[in-house]
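By convention in this document, chain letters (A, B, ...) are assigned in the order of the sequence lines, proteins followed by strands, and residues within each chain are numbered from 1.
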Protein chains: 2
Amino acid sequence: MQNSFTEENYLKIIHALSGRDGVEVSTNALAESTSTRAASVTDMLRKLADKGLIHYKKYQGVTLTDSGEKVAIKVIRKHRLWEVFLVEKLGFGWDEVHDIAEELEHIPSEVLVEKLDAFLGHPKFDPHGDPIPDAKGNLTEPDYLILTDVHVGEKVLMMGVLDHAPSFLQHLDRSGITLGSVLEVREINEYDKSASVQINGGPTLFISLEVSKNLLVQRR
Amino acid sequence: MQNSFTEENYLKIIHALSGRDGVEVSTNALAESTSTRAASVTDMLRKLADKGLIHYKKYQGVTLTDSGEKVAIKVIRKHRLWEVFLVEKLGFGWDEVHDIAEELEHIPSEVLVEKLDAFLGHPKFDPHGDPIPDAKGNLTEPDYLILTDVHVGEKVLMMGVLDHAPSFLQHLDRSGITLGSVLEVREINEYDKSASVQINGGPTLFISLEVSKNLLVQRR
DNA sequence: TAAAAAATTTAGACTAACCTAAAAATATAT
DNA sequence: ATATATTTTTAGGTTAGTCTAAATTTTTTA
């Protein structure tokens, strides 16, 4: 049986909120993320549970079943592949593609996804550095550091972002920080934890804690 | 205001059934084309009329208003551009793309369409030879002949198909007939109007009236 | 041109996905 | 440990798009 646009969105969001360790997701958290009311979420959870896509006991929160996880990962694969297409082929900025990919991710057709993947050269990461699940549904989150965990003097490689908000991404653009940038932490301000960071051996700039918390990096 | 997936489909189908001269389309014809019942069509027509997208008087059939025409042509533009993408970039066959394009055509975003158009090199025709409306909504149907109107001895260029059914397109593939093929009518059978046609100066084959009726060609 | 047939619309219902308001269960705090 | 606050569910409603069955209008035919 085929899942609806809405069902796919719930599964995707449960996957995201559930995290790597598959922790229970609350009704309210889902209401927040789906921009609906808790009562509507309860309706949908009953439906998803009936279809065997989630584990649901009243008042206890939900987790994905294996079958629900499979669906969620397929949606994520499609979302991230379309984002690569939009940026690499159509020339969109990384701050512009989320909403469009949000629509494209629900286009059904296995063969479309596989042909798109091949056309794009089987990319491993999307324009925000998020890993793209393979055709079999294997999704391995690389264990990056957050910039706040980097010590003064260390040089790291910019690998991804946690916040995908256009305003955040545009801020990075204005700072000259993109995927692959080399960041050297020069100084950390004791008072507000802001950092002085040298970008690609060039200009040094101040990065607020808020920004640091959303930058995923890799040592060396 | 934004039109729904379903509304867009009705407008697109009314456009198709209405033809160049904008003739009235009947409720039953729409029921047939949308795979719904006449009663459902009536409901939708009232809604589209309320939105000013169609001219509708009870029992009299419908035509598009200027505003409805605009929406229909935008959908057609998207459908045909996505078909070009699927065939030219992803390597689908012309017999495989209709259903996928049927989904993609409803993805909203003006800028997506324009970037896609540019990426594809502003194509004028889709993989079935149908003209692609430009960004301003100008759609000029070229006046092709149907193969049945071609006389014995004439050489024509294969420009498009009227039937988009996969089985028909696959039949053409097997016959070696594609867009751009040169067809020379050698003989027309008086009895069943089947034709002997030489393809690209090579093999000559028999083409039934049913097939001839669906081939759009141009004198050269 | 009246009767029969066909096409269309109306009436009343259904499902998916949402809502508000109220009730029930769980969590927190004194 | 009980009262209060928070979270979640239930109950009952709404809208878009569909349905069937019945009523109405238009078209065809005799």
Side-chain angles (χ1 to χ4, degrees), chain A residues 1-15 17-18 23-64 68 71-72 75 99 102-103 105-108, chain B residues 1-15 17-18 23-64 68 71-72 75 99 102-103 105-108:
Chain A
M1 199 184 292
Q2 181 75 353
N3 302 299
S4 73
F5 187 106
T6 309
E7 287 168 348
E8 287 189 352
N9 268 333
Y10 270 83
L11 296 172
K12 182 186 63 174
I13 290 169
I14 293 167
H15 178 92
L17 296 178
S18 198
V23 74
E24 279 79 16
V25 177
S26 76
T27 298
N28 265 358
L30 284 169
E32 168 82 32
S33 288
T34 56
S35 302
T36 63
R37 301 316 186 102
S40 311
V41 172
T42 301
D43 284 351
M44 182 57 77
L45 294 185
R46 214 165 40 71
K47 187 176 164 194
L48 293 172
D50 287 348
K51 287 183 137 195
L53 296 165
I54 59 172
H55 298 293
Y56 174 52
K57 261 185 267 166
K58 290 202 293 191
Y59 297 101
Q60 304 310 155
V62 289
T63 56
L64 295 175
V71 176
V75 175
D99 292 353
E102 206 74 356
E103 304 277 337
E105 74 189 5
H106 302 291
I107 302 286
Chain B
M1 199 183 293
Q2 182 76 355
N3 303 298
S4 72
F5 186 107
T6 308
E7 287 167 349
E8 287 189 351
N9 267 333
Y10 271 84
L11 296 172
K12 183 187 63 174
I13 290 169
I14 293 167
H15 178 93
L17 297 179
S18 199
V23 75
E24 279 80 16
V25 177
S26 74
T27 299
N28 265 358
L30 284 169
E32 168 81 31
S33 288
T34 56
S35 302
T36 63
R37 299 317 185 103
S40 311
V41 172
T42 300
D43 285 350
M44 182 56 76
L45 294 184
R46 215 165 41 69
K47 187 176 164 195
L48 293 172
D50 287 349
K51 287 183 136 194
L53 296 165
I54 59 173
H55 298 294
Y56 173 51
K57 262 183 266 165
K58 289 203 292 191
Y59 298 101
Q60 305 311 157
V62 289
T63 56
L64 294 176
V71 176
V75 175
D99 291 354
E102 206 73 357
E103 303 278 335
E105 73 189 6
H106 303 291
I107 302 286

Length of the [atom1]-[atom2] vector between [X] and [N], whole Å:
| X | N | atom1 | atom2 | result |
| --- | --- | --- | --- | --- |
| A:Asn3 | C:dA16 | CG | P | 13 Å |
| B:Arg46 | C:dA11 | CZ | P | 10 Å |
| A:Leu30 | D:dT9 | CG | P | 10 Å |
| A:Leu45 | D:dT9 | CG | P | 7 Å |

Point to revise | ring-ring contact (aromatic ring centres under 6.0 Å, His included) against B:Tyr59, all qualifying residues, sequence neighbours excluded | key: none
Would you say [X] places a side-chain N or O within less than 4.0 Å of OP1 or OP2 belonging to [N]?
| X | N | result |
| --- | --- | --- |
| A:Tyr56 | D:dT8 | no |
| A:Ser40 | C:dC19 | yes |
| B:Asn28 | C:dA6 | no |
| B:Arg37 | D:dT20 | yes |

Run the side-chain contact (heavy atoms from CB on, under 4.5 Å) test against [X] and tell me which residues pass, sequence neighbours left out.
| X | value |
| --- | --- |
| A:Ser4 | A:Thr6, A:Glu7 |
| B:Ala29 | B:Leu17, B:Val25, B:Ser26 |
| A:Glu103 | A:Phe5, B:Ile107, B:Pro108 |
| B:Glu102 | B:Asn9, B:Lys12, B:His79, B:His98, B:Glu105 |

Practice item. Identify, between A:Phe5 and B:Lys57, the residue whose nearest nucleotide on DNA chain C lies closer to the 5' end. Key: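 The answer here is B:Lys57.
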Exercise for review: Could you check A:Val41 against B:Ser26 and say which one's nearest nucleotide on DNA chain C is further toward the 5' end?
Suggested key: B:Ser26
Review point. For A:Ser18, what residues pass the side-chain hydrogen bond (donor to acceptor under 3.5 Å, both in side chains) criterion, not counting sequence neighbours?
Key: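 Residues passing side-chain hydrogen bond (donor to acceptor under 3.5 Å, both in side chains) with A:Ser18: none at all.
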Practice item. Taking side-chain hydrogen bond (donor to acceptor under 3.5 Å, both in side chains) as the test, write out the residues that go with A:Thr42, two or more places apart. Key: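 side-chain hydrogen bond (donor to acceptor under 3.5 Å, both in side chains) check on A:Thr42 returns nothing, list empty.
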Polar atoms only, N or O, under 3.5 Å: list the protein pairs with nucleotides 22-28 of chain D and their distances.
from: D:dT25; atom 1: O4'; to: B:Tyr59; atom 2: OH; distance (Å): 3.4

**Study point:** Closest listed nucleotide, where the reference is the side chain of B:Thr36 and the choices are D:dC19, C:dC18, C:dT9
**Key:** D:dC19
Review point. So what does A:Thr42 hit on the nucleic acid, given a heavy-atom distance under 4.0 Å: a base, only sugar-phosphate, or nothing?
Key: base
Check your understanding: Looking only at heavy atoms, what is the nearest atom pair of B:Ala38 and B:Asn28, with distance?
Key -> CB-OD1, 3.7 Å
Review point. Looking at B:Asp50, B:Leu48, B:Val62, which one forms a side-chain contact (heavy atoms from CB on, under 4.5 Å) with B:Tyr56?
Key: B:Val62
Exercise for review: Could you encode protein contacts along nucleotides 11-16 of chain D as a string, one character per nucleotide from 5' to 3', using B for base contact, S for sugar-phosphate-only contact and - for no contact, with a heavy-atom cut-off of under 4.0 Å?
Suggested key: -----S
